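The structure under discussion appears below in the form of structure tokens.
In this chain, numbering begins with 1 at the start of the sequence shown. Since we're looking at a predicted model, the values are computed, not measured.
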Amino acid sequence: MAAFVDRVVVHVAAGNGGHGVASIHREKFKPLGGPDGGNGGDGGNVVLEVDPSVHTLLDFHHRPHQKAGNGRPGEGSNRHGARGEDRVLRVPAGTVVSTPDGRVIADLVGAGTRVVLAHGGKGGLGNAALANSRRKAPGFALLGEPGEAFDAVIELKSIADVGLVGFPSAGKSSLIAAMSAARPKIADYPFTTLVPNLGVVRAGDVAFTMADVPGLIPGASTGKGLGLEFLRHIERCAVLVHVVDMATMEPGRDPESDIEALEHELAEYSGEEIDLVGRLRIAVLNKIDVPDARELVDLVRATLEERGLAVFPVSAATGEGLRELGFALATAVDEHRAALPEPEAARITLTPRAVDDSGFTVERDPEDDEAFVVRGVKPERWVRQTDFTNDEAVGFLADRLNRLGVEEELAKAGAREGDAVTIGGVTFDWAPTLPAGTLTVEESAGLGGRGTDARIDAPHRVRAEERLAAKRARRVPYELGDTWTEEDLPTEEGT
């Protein structure tokens with residue numbers, strides 16, 4: 001079983017919103033109780049939170065599917081559904097979340113940092129919330145929206161002040177064990193270290209963290225050996241230290257060639273974005289307790305100092321030189337911390353919507369020249385919330401789209417009655433319902449222009465003065481003492 005996992009692919013799914021309910025209040029002696037359907041609850045979010053007690057991504061390796069709770073549906077008597085429970089994923093500090101194609105979603109640094117990875121769906125409105133003066137008792141409710149679901153790549157990039165790099169068996173793990181309380185596995189064969197090790201070192205009043213990675217070999221930046229899997233752990237280090245094996249017996253290796261090979265691999269891995277080679281300030285000549293190695297120190301010291309490296313001969317076995325090395329590392333870390341900019345106070349940026357931003361776009365369907373596609377947050381959300389088995393709900397959707405201006409933009413784009421219109425993956429046959437508008441828009445939609453309603457110009461329409469004249473004509477003149485004659489009786493025409 002793996003004990004350390006620093007890269008996993010997790011399928012996250014936020015909770016779905018609960019459906020609204022269509023309900024009518026029923027009570028004795030109250031036949032017209034009115035709508036009382038409650039709203040559905042929102043779906044839960046998938047949240048990432050940095051937890052200092054977590055040091056690996058092993059939990060997600062065994063449970064790659066993470067889903068939040070769904071919102072509860074609404075009920076009658078104006079009872080709203082409960083909100084879905086959030087799914088909180090606890091990750092180590094230094095976790096980077098990205099999409100499978102490499103787009104970074106979040107970079108989590110600092111204990112307690114939280115970010116919503118997947119948002120839950122909104123709950124649907126019940127018919128009580130949809131009632132108004134014109135639609136007093138809606139016979140429908142809105143559906144809950146589905147929550148976000150996608151694959152996320154979670155990588156761990158350890159946060160350490162000092163990073164130790166070197167060839168296999170150079171003594172990096174022994175150095176950490178000698179300078180801190182960490183106890184990594186140490187053995188006399190290459191690639192003993194299979195996972196990064198982290199230790200805390202204190203020198204005077206300065207405390208810093210030190211990490212090593214599995215041994216780097218030529219070609220590590222292209223995937224050779226174990227270096228490519230763990231080079232990400234030194235990206236955040238303020239200071240990088242060359243650990244050189246002064247007692248190696250391998251042919252073709254010497255301290256200068258080892259440093260050149262390591263700098264080449266770091267440059268190939270970081271590219272132009274990260275200057276890892278510039279962080280190489282110190283060269284540690286390890287294993288000077290071996291007689292031949294101590295003699296070799298004097299031969300290579302001058303050459304390494306000409307390269308701009310501070311040279312420290314040490315022995316992790318006997319502890320020689322470790323005190324001086326610790327203070328030198330503390331000074332370098334302290335200088336780096338002093339050079340960091342002051343953290344800015346949290347600011348909220350409000351970006352107003354543009355005046356001409358309608359919130360949606362109308363485009364020709366690239367697969368069909370006679371079809372159209374409407375894109376926008378509101379139209380697509382309204383379509384997802386519509387129950388297409390309910391005619392009243394479909395009519396409500398048409399009214400909302402009309403008020404938003406979708407029909408007018410379709411007419412401007414050249415849409416005709418019967419053309420296919422796709423919104424949020426649902427395709428409709430467009431039936432325009434615009435009552436009025438500019439002459440160009442109405443003519444393009446096959447409707448009359450403003451003020452051309454046939455009901456206004458109908459010849460059978462009775463005007464107000466005509467109704468008044470007819471009313472007076474129906475009155476029979478009669479005064480006290482008058483006698484009725486046959487001519488005074490009203491005719492069949494009402495005159």
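- Between the side chain of H19 and the main chain of P73, no donor-acceptor pair closer than 3.5 Å is present.
- A side-chain donor-acceptor contact under 3.5 Å links N127 to the backbone of P138.
- Note that CG of L404 and CZ of F360 are 5.0 Å apart. Values are rounded to the nearest 0.5 Å.
- For N45 (side chain) and V47 (main-chain N/O), no donor-acceptor pair under 3.5 Å exists by modelled atom type.
- L117 CG to F150 CZ: the interatomic distance, rounded to the nearest 0.5 Å, is 4.0 Å.
- Counting heavy-atom neighbours within 6.0 Å of R323 CZ, excluding the residue itself, gives a total of 12 or less.
- Side-chain atoms of R83 never come within 3.5 Å of backbone atoms of D42 as a donor-acceptor pair (strictly under, hydrogens ignored).
- A distance-only check finds a donor-acceptor pair linking the side chain of E148 to the backbone of H119 [under 3.5 Å].
- A donor-acceptor distance shorter than 3.5 angstrom exists from the side chain of R79 to the backbone of G76, with no hydrogens or angles considered.
- The local environment of CD in E409 is crowded, with over 12 non-hydrogen atoms from other residues, nucleotides or ligands closer than 6.0 Å.
- Checking side-chain atoms of D36 against main-chain N and O of S77 turns up a donor-acceptor pair under 3.5 Å.
- Separating the CZ atom in F60 from the CZ atom in R90 is a distance of 10.0 Å, to the nearest 0.5 Å.
- Between the side chain of N16 and the backbone N or O of G147 there is at least one donor-acceptor pair closer than 3.5 Å.
- Across A128 and P35, no two heavy atoms sit closer than the pair CB-O, 3.9 Å.
- For the atom pair NE2 of H65 and CG of D151, the computed distance is 8.5 Å after rounding to the nearest 0.5 Å.
- Put simply, the side chain of V406 does not reach to within 4.5 Å of the side chain of W382, judged on heavy atoms.
- No side-chain donor-acceptor contact under 3.5 Å links S315 to the backbone of I288.
- The number of heavy atoms from other shown groups lying within 6.0 Å of CD (E305) is above 12.
- Crowding of K122 atom NZ: a count of heavy atoms from other residues, nucleotides or ligands under 6.0 Å not exceeding 12.
- A pairwise comparison of heavy atoms in V162 and L329 identifies CG1-CD2, 4.2 Å as the closest pair.
- Of the inter-residue distances, the one linking I282 atom CD1 with L285 atom CG reads 11.5 Å to the nearest 0.5 angstrom.
- Across all their heavy atoms, A141 and L130 have their closest contact at CA-CD1, 4.1 Å.
- Taking CD from E145 and CD from Q385, the interatomic distance works out to 5.0 Å, rounded to the nearest 0.5 Å.
- A donor-acceptor pair under 3.5 Å is absent between the side-chain atoms of N39 and the main chain of G20, judged by distance alone.
- By the neighbour-count criterion of 12 heavy atoms within 6.0 Å, atom CD of E363 is densely surrounded, having more than that number from other residues, nucleotides or ligands.
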